[in-house]
Protein chains: 2
Amino acid sequence: MTDVARNRRPGPRLEEVARAAGVSRSTVSRVINEEPYVSAKARDAVHQAILDLGYSPNQAARTLAGNRANAIALVVSEQGSRVLSDPFFAGVLRGVHAELSGRRVQLVLMMTQQDDEQDIVGYLAGGHVDGVLMVSLHGQDPLPLKLADAGVPIVVGGRPLVGDGIQYVDSDNFNGALEAARYLVATGRRRIATIAGPKDMAVGMDRLNGWRRGMAEAGQPSDLVAHSTVFTPDGGAAAMEDLLSREPELDAVFVAADIMAMGALRVLHAQNRRIPRDVAVVGFDDLMIASTALPPLTTVRQDVEQLGRTMTWCLLGQLDGEEGLPPSLLLPTSLVIRASA
Amino acid sequence: MTDVARNRRPGPRLEEVARAAGVSRSTVSRVINEEPYVSAKARDAVHQAILDLGYSPNQAARTLAGNRANAIALVVSEQGSRVLSDPFFAGVLRGVHAELSGRRVQLVLMMTQQDDEQDIVGYLAGGHVDGVLMVSLHGQDPLPLKLADAGVPIVVGGRPLVGDGIQYVDSDNFNGALEAARYLVATGRRRIATIAGPKDMAVGMDRLNGWRRGMAEAGQPSDLVAHSTVFTPDGGAAAMEDLLSREPELDAVFVAADIMAMGALRVLHAQNRRIPRDVAVVGFDDLMIASTALPPLTTVRQDVEQLGRTMTWCLLGQLDGEEGLPPSLLLPTSLVIRASA
DNA sequence: CTGAAAGCGCTTACAG
DNA sequence: CTGAAAGCGCTTACAG
């Protein structure tokens, strides 16, 4: 292991602050932890001493004595480290950080590998963090359940496919897709297809089911479904080709992710279909690339940063023992109408 | 503050492991820390006990007793939280994580706000982490220097403009730009412009100076410089318009960032310049968008993940007190030739 | 509202 | 190679 060098901290200790303020260590501790029942006089003296001495409490000692880590982990369950470039992850991270700012809670970032899941559970259950935020890319991940079983407070981003009691926050993928489907129907489309995501991810299934519901409502067939196993432009392109060969007359496609929509647009262009005149295209996510696409993509926006924020306050709420927290939360989406549909 | 709930860890302690293995706590500690001078017999007994009991050491206690945090911080100095979506940051993070994996060192992510710099220095100098990795987006940031002064081991990603003794790792921006300039000269371009980055960022100046050197070598003028204050498509577009109005006859442009090159391409297309026939375009970074641009962008690739990895082993080396570490490091770039030049 | 004292779970000289 | 004991810097009942 890395034998991290000794790191002598020369700063003042609680003891010195107490002496400078003319109070006991207990009182200094109370002031630092913003506990009630400290006289204004004592509080002021302590604050002044802290300022004068440039005191910064030792977190390890606080954790050890207080049995509380003042840190939460953001665990990214990944099958390759490319997740980090994913706009979804970046957005969540932004939200988590925003929600944490101003609170004295540190964020520890962990990425799971295939092999070290045992270690991870041990570490996270070992009290090194107070709770866990997890974004699970494949819905079947057993980690959330294991952690919950081990008594670790956890909130998952994106509906997990396994684990009933686990609190999660997700975008309302079903209703987002339903709204997209209704919009296509309302604008006169009569042969509407969909490019769906992987079947083992809740996000994929929820969006597909929303679209299906929309078709059913309108009395339209819902046979034109092509699944892509990956959220990539190429996956979208292959699915689009498949759909076109099965039904050359299709006049609309709901693509369950903007990134796949890029591939679908490419194929439609290559086959000289005019967008939206011949084929209307609606995406999902509202990534940056949606607005710069040709033509600019009509899409269902999800607020990923809000997802991160919501996950964070849910977890902090759990930790604070707040009452009346919802078991899970669905965040609204909104249809952003541009030129492609 | 967030009063993070008590988190009773029910797991076994060192004490129990020692009892189960029939040795003293000291010996267990030595085994865990992989110290020499432990008999094979004792070692095996301890390992077995750890396994049987599912023991996971308490980090806070280790940190407190050992005066070592077993954690490093990745500090992102930001003026707005959009950094997180930046491919540069994502790449660095990926590299840091890759290099850390397998070592028992945690990564704590921190983002600085304008107002809390005092706190940050206090925290980081307070022994909560053993060292700091920092990606500083504006070169003038005083934080690296303050941390170094406070005795905190630090490695900066991207050459800082202030602070002499600070170890940094950067891509070789100067030589990358020089290679781009030479390529344009070699392919017969006679009126070569550049879109440079902000003057207060080392990355901007280094790439500009590399281009200048290339012009000087070829005996070509280096007057066609347009600075953009931001690395955005719009910034690149404005600079391109400026250049075109100053010199309608220009036949090449080296753009100091792919993201700005997108804007430059847009303007060139709008003015009906054929690329590369009328105007050759070379970018820098080799982002994803470079290969999907129209036409695919010839660009200087920098390996951002490698940057993150290198920063990390430099820091770990510092912490381990390794000898012969380079004061700073420049990573090679490479010209990726596509269709735009 | 305040202080003395015990204790959190480890590491590390020290002595053997 | 091993163990007994001190100590890391806090928090928290407990008693006042």
Side-chain angles (χ1 to χ4, degrees), chain A residues 1 3-19 21-46 50 53 55-71 104 122-123 126-128 130, chain B residues 1 3-19 21-46 50 53 55-71 104 122-123 126-128 130:
Chain A
M1 77 172 276
D3 197 9
V4 171
R6 281 309 182 67
N7 183 4
R8 300 236 156 270
R9 277 166 290 95
R13 300 292 112 90
L14 231 208
E15 180 76 53
E16 281 104 276
V17 175
R19 206 179 311 137
V23 298
S24 73
R25 284 156 53 204
S26 312
T27 297
V28 176
S29 177
R30 289 187 189 105
V31 172
I32 290 171
N33 293 298
E34 295 175 15
E35 288 173 16
Y37 303 119
V38 180
S39 67
K41 183 158 166 285
R43 192 186 339 267
D44 292 348
V46 170
I50 288 176
L53 276 58
Y55 172 70
S56 169
N58 179 309
Q59 291 302 330
R62 299 186 79 187
T63 300
L64 183 57
N67 208 20
R68 164 191 314 160
N70 296 305
R104 300 184 202 167
Y123 181 88
H128 310 122
D130 299 310
Chain B
M1 73 175 279
D3 198 9
V4 171
R6 279 310 180 69
N7 183 6
R8 300 237 156 269
R9 278 166 289 95
R13 298 294 112 89
L14 231 208
E15 180 77 51
E16 281 104 274
V17 175
R19 206 180 308 137
V23 298
S24 73
R25 285 156 51 204
S26 311
T27 297
V28 176
S29 177
R30 290 188 188 103
V31 172
I32 290 171
N33 292 298
E34 295 175 16
E35 286 172 17
Y37 304 121
V38 180
S39 66
K41 183 158 166 286
R43 197 192 330 273
D44 291 348
V46 170
I50 288 175
L53 276 58
Y55 172 70
S56 169
N58 179 310
Q59 291 303 329
R62 300 185 79 187
T63 300
L64 184 56
N67 210 19
R68 166 191 314 158
N70 295 307
R104 299 184 204 166
Y123 182 87
H128 309 123
D130 300 310

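By convention in this document, chain letters (A, B, ...) are assigned in the order of the sequence lines, proteins followed by strands, and residues within each chain are numbered from 1. Both backbone and side-chain heavy atoms feed into the values below; hydrogens, waters and symmetry mates do not.
- Residue B:Tyr37 has no polar side-chain atom (N or O) positioned under 4.0 Å from OP1 or OP2 of D:dG3.
- For B:Ala65, the side-chain atoms get nearest to C:dT11 when compared with the rest of C:dT2, D:dC10, C:dT11.
- As rounded to whole Å, 9 Å separates atom C1' of C:dC10 from atom CD1 of B:Ile32.
- A:Tyr55 has no side-chain polar atom (N or O) that falls below the 4.0 Å cut-off from OP1 or OP2 of D:dG9.
- Picking from C:dT11, D:dT12, D:dC10 the nucleotide with the shortest atom distance to the side chain of A:Glu35 gives D:dT12.
- The 5' end of DNA chain C is approached more closely, in terms of each residue's nearest nucleotide, by A:Ser39 than by the other of A:Ser39 and B:Glu15.
- In this structure the side chain of A:Arg62 reaches within 4.5 angstrom of the side chain of A:Asn33, judged on heavy atoms.
- Remark: C:dA13 base-pairs with no nucleotide in the shown strands. Criterion, Watson-Crick or G-U wobble with two distances under 3.5 Å.
- Considering all non-hydrogen atoms of both residues, B:Ala42 and B:Val23 come closest at CB-CG1, 4.4 Å.
- When the side-chain nitrogen and oxygen atoms of B:Ser26 are compared with OP1 and OP2 of D:dT2, none of them lie within a distance under 4.0 Å.
- Closest approach to the B:Val38 side chain among D:dT2, D:dG3, C:dT11 is made by D:dT2 (side chain taken as heavy atoms from C-beta onward).
- Dashed line: the shortest gap from a side-chain N or O of B:Asn58 to OP1 or OP2 of C:dC8 is not under 4.0 Å.
- B:Arg30 is listed as a side-chain neighbour of B:Ser26, based on a closest heavy-atom distance under 4.5 Å.
- If you take CZ of B:Arg62 and C1' of C:dC8, they are 16 Å apart, rounded to a whole angstrom.
- Rounded to whole angstrom, the span from the CZ atom of A:Arg43 across to the C1' atom of C:dC1 amounts to 11 Å.
- Listed candidates were C:dT2, D:dC10, D:dT11. Nearest to the side chain of A:Asn33 is D:dT11.
- When rounded to the nearest whole Å, the span between CZ of A:Arg30 and P of C:dG3 equals 8 Å.
- In a base pair of the Watson-Crick type (N1 to N3 plus N6-O4 or O6-N4) or a G-U wobble (N1-O2 and O6-N3), with each distance short of 3.5 Å, C:dA4 is matched with no nucleotide.
- Of the candidates D:dT11, D:dG9, C:dT2, the closest approach to any side-chain atom of A:Leu14 belongs to D:dT11.
- Here B:Ala60 lies out of heavy-atom contact (under 4.0 Å) with every strand.
- Rounded to whole Å, atom C1' of D:dC8 lies 9 Å from atom CG of A:Leu64.
- Residue B:Arg13 contributes atom CZ, which lies 16 Å from atom C1' of C:dT11 at whole-angstrom precision.
- Nucleotide C:dT2 holds its P atom 19 Å from the CZ atom of A:Arg19, rounded to whole Å.
- The side chain of A:Arg25 approaches D:dC10 more closely than any other nucleotide in the set D:dC10, C:dG3, C:dC10.
- Between B:Glu16 and B:Leu53, the closest side-chain pair of non-hydrogen atoms falls below 4.5 Å.
- Residue A:Ser29 places no side-chain N or O under 4.0 Å from the OP1 or OP2 atom of D:dT12.
- Taking the C1' atoms as reference points, D:dT12 lies 16 Å from D:dG16, given to the whole Å.
- An OP1 or OP2 oxygen of D:dT12 is reached within less than 4.0 angstrom by a side-chain nitrogen or oxygen of A:Arg68.
- Remark: side-chain polar atoms of A:Arg68 are not paired, donor with acceptor, to backbone N or O of A:Thr63 under 3.5 angstrom.
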Determine, stepwise, if the pair A:Glu34 / A:Ile32 fulfils side-chain contact (heavy atoms from CB on, under 4.5 Å). CA-CA 5 Å; A:Glu34 295 175 15; A:Ile32 290 171; over 6 Å; no

